[in-house]
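Read through the structure below, which is laid out as structure tokens, and then see the notes.
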Amino acid sequence: MARCEVCGNDYDMSFEVHAQGQVHVFDSFECAMHRMAPNCEHCGCRIVGHGVEADGHWYCCAHCAREEGATAIVDRVETRV
Ligand SMILES: [Zn+2]
Ligand SMILES: [Zn+2]
């Protein structure tokens with residue numbers, strides 16, 4: 001059986017995640033998120049959802065992006081200008 005690359009657990013229900021040409025093996029989503037999810041560069045929380053990217057930086061939400069000076073970012077796509 002494959003061994004989780006985060007915690008080393010040898011688990012028969014482990015699964016693979018294919019990302020950017022690499023294959024990662026995890027025993028749980030907890031470990032997968034620990035390895036794969038980026039951290040918000042403003043508040044440091046784990047970005048599990050879509051997140052917000054601004055100039056190559058990652059944030060959990062538009063609020064954090066704005067706090068770091070990315071003024072053009074909004075949470076939702078709206079036609080209102
Ligand atoms: Zn694990
Ligand atoms: Zn944040």
Side-chain angles (χ1 to χ4, degrees):
M1 286 304 138
R3 188 180 293 266
C4 173
E5 67 180 56
V6 173
C7 68
N9 186 22
D10 203 349
Y11 185 44
D12 62 1
M13 295 287 282
S14 61
F15 58 94
E16 293 181 349
V17 174
H18 296 243
Q20 295 169 351
Q22 290 183 301
V23 180
H24 301 277
V25 178
F26 305 109
D27 65 334
S28 65
F29 283 110
E30 178 79 40
C31 288
M33 280 188 271
H34 179 80
R35 179 74 169 79
M36 307 296 291
N39 287 333
C40 174
E41 294 185 25
H42 179 69
C43 70
C45 76
R46 192 79 65 191
I47 303 170
V48 178
H50 288 103
V52 176
E53 193 205 348
D55 294 329
H57 299 281
W58 281 95
Y59 306 101
C60 65
C61 60
H63 170 79
C64 285
R66 260 185 252 116
E67 290 289 303
E68 294 291 317
T71 51
I73 300 296
V74 290
D75 258 323
R76 286 165 295 159
V77 177
E78 290 178 4
T79 51
R80 182 158 47 91
V81 180

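By convention here, the first residue in the shown sequence is residue 1. Whatever order the structure lists them in is the order used to number ligands and atoms, beginning at 1.
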Is Val17 reachable from Val25 through a run of hydrophobic residues whose side-chain heavy atoms are each under 4.5 Å from the next? no
Atom CD of residue position Glu30 - does it have more than 12 heavy atoms of other residues, nucleotides or ligands inside 6.0 Å? no
Donor-acceptor side-chain pairing of Asn39 and Arg46 below 3.5 angstrom: yes
Decide, counting backbone as well as side-chain atoms, whether Cys60 has an N, O or S atom less than 2.8 Å from the Zn ion (ligand 2). yes
Is any N, O or S atom of His63 under 2.8 Å away from the Zn ion (ligand 2)? no
From Cys40, does some N, O or S atom reach closer than 2.8 Å to the Zn ion (ligand 2)? yes
His42 backbone or side-chain N/O/S under 2.8 Å from the Zn ion (ligand 2): no
Kindly work out whether a path of hydrophobic side-chain contacts (I/L/V/M/F/W/Y, heavy atoms less than 4.5 Å apart) joins Val48 to Val52. no
Nearest-0.5 Å distance, CE of residue Met13 to OG of residue Ser28: 12.0 Å
Just wondering, are more than 12 heavy atoms of other shown residues or ligands nearer than 6.0 Å to NE2 in His18? yes
Looking at every non-hydrogen atom in both residues, tell me the closest pair between Asp10 and Ala2 and how far apart they are. OD1-O, 3.4 Å
Looking at the rings of Phe29 and Phe15, which for Trp means the six-membered one, are their centres under 6.0 Å apart? yes
Near the Zn ion (ligand 1), meaning under 2.8 Å, the protein N/O/S atoms are Cys4 SG, Cys7 SG, Asp27 OD1, Cys31 SG
